[in-house]
Amino acid sequence: MHKQVIPHMDLGHIAASGQCFRMNALPSGAYQVIAGDRQVTITPEGRDTFLFDCGKDIFDSLWHPYFDIGTDYASLASLVPKEDHFLQASLAYARGLRILRQDPWETLISFILSQRKSIPAIKGCVENLCAGFGASLPEGAFAFPTPQALALADERALQACGLGYRTRYVQGTARMVAEGQVDLEALRLLSDGELQEQLCRFPGVGVKVAQCVMLFAYARFNAFPRDVWILRVEQNEYHGRFPEENYPGTAGILQQYMFYFGKSKEYILWKEQHGQAGI
DNA sequence: GTCCAGGGTAAGC
DNA sequence: GCTTACCATGGA
């Protein structure tokens, strides 16, 4: 057990934000997190205190970086002009939302699956893949499958996980990684532009999926993935395009807040009060 | 029954 | 360089 004070962390927002697909609330109010072949249960205690069911060494080496605890999220609001009411509202609504530093392989496959799927549907597919091709973990959980496991998987068995037409994307990508054609860890050395270019070599990966992997696995906070929700927000609140160049080093974090708020029911209510487009 | 989801690809211009 | 049909599946 390890108790840790972490300001500005809301596990509910993170779990529901659509950046990860294997973090779930338990009936007790705790959260189960599975990342790669690791799992941890986190119990919130009061406002900023969390109990991790692991030792301090595992917390320091694994979960501290995973939850991006070194980044200051509280100062984000000061970077945003007061006139940008939508972005200010997004930051207030999703207070405690963080950008996780996930495993590149798991994130790559998860977001290849994500195209034209709802978040609950993605979570279902990911769980099917883990149960079918992942190693067994304690307490009946399953690790995310290795590149080798998915590269060798039977095509019909993959189809049965609900992948649909994405099956050949997953197989093709898994084979490229399993054969060592691309080293996902070595890509950390590349610039943003080079990293996006290399990720787009995988089948089923375009600019949007590449930018999600850059943001959620490689901690590239300048990445600004545009999905249908963000395009909608840009149309409604920014006359077509959000000025990401005004936020070097944080645009991607703001994107996640805008995505999460723009997709919520609270945004509908907020819009009725504020009416006109923002900046 | 219809519509939509954290889009990509290949064909056409 | 740019649009446009097509792609499987589950949930609302």
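Computed from a predicted structure; not experimentally measured. In what follows, every chain begins at residue 1, and chains take the letters A, B, ... in the order their sequences are listed.
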Given salt bridge (Lys or Arg N to Asp or Glu O under 4.0 Å), test A:Glu106 with A:Arg22 step by step and report yes or no. CA-CA 11 Å; A:Glu106 177 168 349; A:Arg22 306 198 72 197; 5.0 Å; no
Measure up the A:Tyr238 and A:Phe86 rings against each other and bin them: parallel (under 30°), tilted (30 to 60°), perpendicular (over 60°). perpendicular
For atom CZ of A:Phe111 and atom P of B:dG7, their distance in whole Å: 10 Å
Checking all strands, does A:Ile112 fall into the base, sugar-phosphate, or nothing category for heavy-atom contacts under 4.0 angstrom? nothing
Measuring from atom NZ of A:Lys3 to atom CZ of A:Phe59, what distance do you get when rounded to the nearest 0.5 angstrom? 13.5 Å
Atom CG of A:Leu231 to atom C1' of B:dG6: distance rounded to whole Å? 10 Å
Decide yes or no, distance alone: a donor-acceptor N/O pair under 3.5 angstrom between the base of B:dG6 and the side-chain of A:Gln211. no
Has A:Tyr257 got a side-chain atom pairing as donor or acceptor with A:Leu97's backbone, closer than 3.5 angstrom? yes
Assert: residue with more 5' nearest nucleotide on DNA chain B, out of A:Phe21 and A:Cys200, is A:Phe21
Please verify the inter-ring angle class for A:Phe261 with A:Tyr93; under 30° counts as parallel, over 60° as perpendicular, anything in between as tilted. tilted
Report the residue (A:Pro203 or A:Cys212) whose heavy-atom-nearest nucleotide on DNA chain B is the more 5′ of the two. A:Cys212
What's the CD1-P distance between A:Ile119 and B:dC4, to the nearest Å? 17 Å
Detail all sub-3.5 Å separations between protein N/O atoms and N/O atoms belonging to nucleotides 1-6 of chain C.
none

Under 4.0 Å between any heavy atoms, over every strand shown, what does A:Thr107 touch: base, sugar-phosphate, or nothing? Just pick one. nothing
A:Arg166 side-chain N/O to A:Leu163 backbone N/O, donor-acceptor pair under 3.5 Å: yes
Between CZ of A:Arg232 and C1' of B:dA5 the distance, given in whole Å, is 9 Å
Figure out the CD/P separation between A:Gln256 and B:dG6, and round it to whole Å. 12 Å
Side-chain donor or acceptor of A:Thr173 paired with backbone N/O of A:Pro203 under 3.5 Å: yes
Aro-ring/base stack A:Trp229-B:dG6, d under 5.5 Å, angle under 30°: no
Measure the distance from CD1 on A:Ile122 to C1' on B:dG6 and round it to the nearest whole Å. 6 Å
Using the P atom as the reference point in each nucleotide, state the distance between B:dC4 and C:dA5 in Å, no decimals. 16 Å
Please work out if A:Gly18 contacts a base, only the sugar-phosphate, or nothing of the nucleic acid, heavy-atom cut-off 4.0 Å. base
Give the rounded distance in Å between these two atoms: NZ of A:Lys208 and C1' of B:dT9. 16 Å
Which is true for A:Phe216 with a 4.0 Å heavy-atom rule: it touches a base, it touches only sugar-phosphate, or it touches nothing? base
Once you round to the nearest 0.5 Å, how far does CE of A:Met214 lie from CD of A:Gln211? 5.5 Å
Please give, in whole Å, the distance from B:dG6 P to A:Ile253 CD1? 22 Å
Protein and nucleotides 8-12 of chain C: nitrogen or oxygen contacts under 3.5 angstrom:
residue	atom	partner	partner atom	Å
C:dA8	O4'	A:Tyr165	N	3.2

C1' gap between C:dG11 and B:dG1, integer Å: 14 Å
Taking a hydrophobic cluster as the set of Ile, Leu, Val, Met, Phe, Trp and Tyr residues connected by side-chain heavy atoms closer than 4.5 Å, whether directly or through intermediates, do A:Phe216 and A:Ile119 fall within one such cluster? yes
Could you tell me how the ring of A:Tyr66 sits relative to the ring of A:Trp63: parallel (under 30°), tilted (30 to 60°) or perpendicular (over 60°)? perpendicular
What interatomic distance, in whole Å, is found between C1' of C:dG10 and the corresponding atom of B:dT9? 23 Å
